[in-house]
Amino acid sequence: MVHLFRTSLGVMALAAAALGAGSSAHAANGPFLAHQALYDLSLVKSRSNSINSARGRILYNFAGSACEGYTSEFRQVSELDSGEGKITLSDLRSNSWEDAGGKSYRFKIETRMNEAEAGLVDGSAERDGDHINVKLKLPTPKNFTLDGKIVFPTEQIQRIIAAAKDGKSLLELSVYDGSDDGQKVYNTLTVIGQPIPADRTASPDPSTADEHMKSLTRWPVTVSYFDREAQQKEGEQTPVYAMSFELYENGVSRQLVLDYNDFVISGAMGKFDVKDSKPCN
């Protein structure tokens, strides 16, 4: 179920990045909104009949400012039933910090499956001119560099929103979020649909009822994640996973659909709370 962890981190990256370089949560036209969101997970379909049922939750918390940077806390607990009493319980926890300019990124990730010992990743990345310096503490101390064109999660979502506002339908980015063993880079392809006006009726959830959201445009978005190393070696074009969601112009995501190739899981927003942000002095 490694793909489950990868997709979870993709959700985390988009959630964290959605609050990238925002202003006060209560600014009238502030581009990003600090919030807490809870998503309830359920099985949509199993293409290979490998999963009989799935359930779980994603809880995401965000805090910070453009001056001090942004912190995010993410947790996903999932239970997959593959039949004949085979239950897989996965628990992913992540804490990250990113400065508003996308120059620095710190991350701690813990993954646990059933009763196995937790896998830990702890590291940081600093942008330096045309490259990025990565320092890992866990799982193994290691220093390495990445291409400076690679973006961190905040810039990823900033560029998706900017592309959507410019009327673009496709966006290709390479993204580093510290997932897997801390050395993985994903190539992403984002497909952006036509804007959905604020007055168009949506299937209700706690976000659509919030006063901060009622006047905002949103876009249907699908982000496919490809293994960059596999593409370079083998020309592999099959995504590791894909995420679909409706993305508001203030960065909030609703109606998540997580496609793991073998099976598909939906994430319905069960709770949504806006949080205060301290403006820069």
Side-chain angles (χ1 to χ4, degrees), residues 8-40 57-76 92-109 124-125 151-165 175 177-178 196 198 202 204-219 221 223 243 245-256 267-281:
S8 301
L9 286 164
V11 174
M12 173 199 71
L14 284 166
L19 303 161
S23 55
S24 167
H26 298 293
N29 296 306
F32 298 102
L33 191 69
H35 66 280
Q36 179 186 82
L38 177 69
Y39 300 90
D40 295 308
R57 282 186 168 182
I58 293 173
L59 178 63
Y60 176 75
N61 279 288
F62 166 83
S65 71
C67 303
E68 62 190 18
Y70 298 94
T71 59
S72 65
E73 298 178 359
F74 172 94
R75 185 176 185 186
Q76 176 176 336
L92 167 67
R93 307 179 191 209
S94 175
N95 292 277
S96 65
W97 173 90
E98 186 172 348
D99 79 322
K103 296 180 179 179
S104 300
Y105 180 57
R106 297 197 299 261
F107 51 91
K108 291 184 179 181
I109 303 165
S124 62
V151 301
F152 300 140
T154 295
E155 189 171 356
Q156 179 191 15
I157 202 72
Q158 287 175 327
R159 291 199 187 187
I160 291 174
I161 292 173
K165 288 184 174 181
V175 179
D177 63 9
I196 303 171
D205 66 25
S207 72
T208 61
D210 191 277
E211 290 298 325
H212 297 84
M213 313 298 293
K214 289 186 176 181
S215 63
L216 299 181
T217 300
R218 63 192 190 277
W219 295 266
V221 172
V223 185
M243 304 168 48
F245 50 96
E246 288 186 0
L247 178 63
Y248 283 97
E249 58 187 288
N250 69 351
V252 174
S253 298
R254 66 183 296 271
Q255 292 192 326
L256 301 177
M269 185 179 286
K271 185 178 180 182
F272 177 79
D273 295 307
V274 173
K275 301 177 67 175
D276 289 331
S277 292
K278 295 181 181 179
C280 295
N281 295 327

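Just so you know, these numbers come straight off a predicted model, no measurement behind them.
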Does the side chain of [Y] come within less than 4.5 Å of [X]'s, by heavy atoms?
X      : Y      : result
Leu216 : Val252 : no
Lys275 : Asn61  : yes
Ser104 : Phe152 : no
Phe245 : Gln255 : no
Ser94  : Phe107 : no
Tyr105 : Pro153 : yes

Using 0.5 Å steps for rounding, measure from the [atom1] atom of [X] to the [atom2] atom of [Y].
X      : Y      : atom1 : atom2 : value
Ser124 : Glu98  : OG    : CD    : 12.5 Å
Arg57  : Tyr39  : CZ    : OH    : 13.5 Å
Thr217 : Leu247 : OG1   : CG    : 11.0 Å
Ser96  : Arg106 : OG    : CZ    : 10.0 Å
Arg75  : Leu59  : CZ    : CG    : 9.0 Å
Ile196 : Trp219 : CD1   : CH2   : 10.0 Å

Hits for side chain to side chain donor-acceptor pair (under 3.5 Å) against Lys103, two or more places apart or cross-chain, chain-then-number order -> none
Looking only at heavy atoms, what is the nearest atom pair of Met269 and Ser207, with distance? SD-CB, 3.4 Å
Least distance between heavy atoms, Gln158 atom then Ala100 atom: NE2-O, 4.4 Å
Which of these passes side chain to side chain contact (heavy atoms under 4.5 Å, CB included) with Thr208: Arg218, Met213, Arg254? Arg254
Mind checking whether His35 and Phe272 have parallel, tilted or perpendicular rings, split at 30° and 60°? tilted
